[in-house]
Amino acid sequence: KGNKPFVSLEIKFTDNPVLTKGNHLAMEDLMAKHNFIVTPSAKEHPYDKNTRVVSLSTVLHKLQELGLLI
């Protein structure tokens, strides 16, 4: 939104993702309000206090709720 990141997405091909140090640093640098790790079909759950693991269908729904998709 504007010049400030609002959402960050990391895409993983496993339903039990592990973020690298680089992923963590990128999310810290972006300081987005919403951080998602998108997986093929994982049930939604927290990864840490600022990041949620979600399936592709769930992230599309959440992005629509945030007004980022029509």
The side chain to side chain contact (heavy atoms under 4.5 Å, CB included) partner of Pro17 among Ile37, Asn23, Thr51 is Ile37
Quick check: does any side chain N or O of His34 sit under 3.5 Å from a backbone N or O of Ala32, one acting as donor and the other as acceptor? no
Do you reckon Met31 sits in the same ILVMFWY cluster as Leu25, going by side-chain contacts under 4.5 Å, direct or chained?
no
So CD of Glu10 and CG of Leu19: to nearest 0.5 Å the spacing works out to 6.0 Å
Residue set satisfying salt bridge (charged side-chain N to carboxylate O under 4.0 Å, His left out) with Lys33, at least two apart, ordered chain then number -> none
In short, side-chain hydrogen bond (donor to acceptor under 3.5 Å, both in side chains) pairs touching residues 59-70 with sequence neighbours left out are Glu44-Lys62, His61-Glu65
Is Val53 reachable from Leu56 through a run of hydrophobic residues whose side-chain heavy atoms are each under 4.5 Å from the next?
-> no
CG (Leu63) and CZ (Phe6) are apart, to the nearest 0.5 Å, by 9.5 Å
field: Path from Ile11 to Met27 over hydrophobic side-chain contacts below 4.5 Å
entry: no
According to a hydrophobic-cluster definition based on side-chain heavy atoms being under 4.5 Å apart (Ile, Leu, Val, Met, Phe, Trp, Tyr only), do Val38 and Leu68 belong together?
yes
Side chain to side chain contact (heavy atoms under 4.5 Å, CB included) filter on Asp15, not counting sequence neighbours, yields Thr39, Pro40, Ser41, Ala42
So CG of Leu30 and NZ of Lys4: to nearest 0.5 Å the spacing works out to 11.0 Å
Interatomic distance, CG@Asn35 vs CG@Asp48, rounded to 0.5 Å, equals 8.0 Å
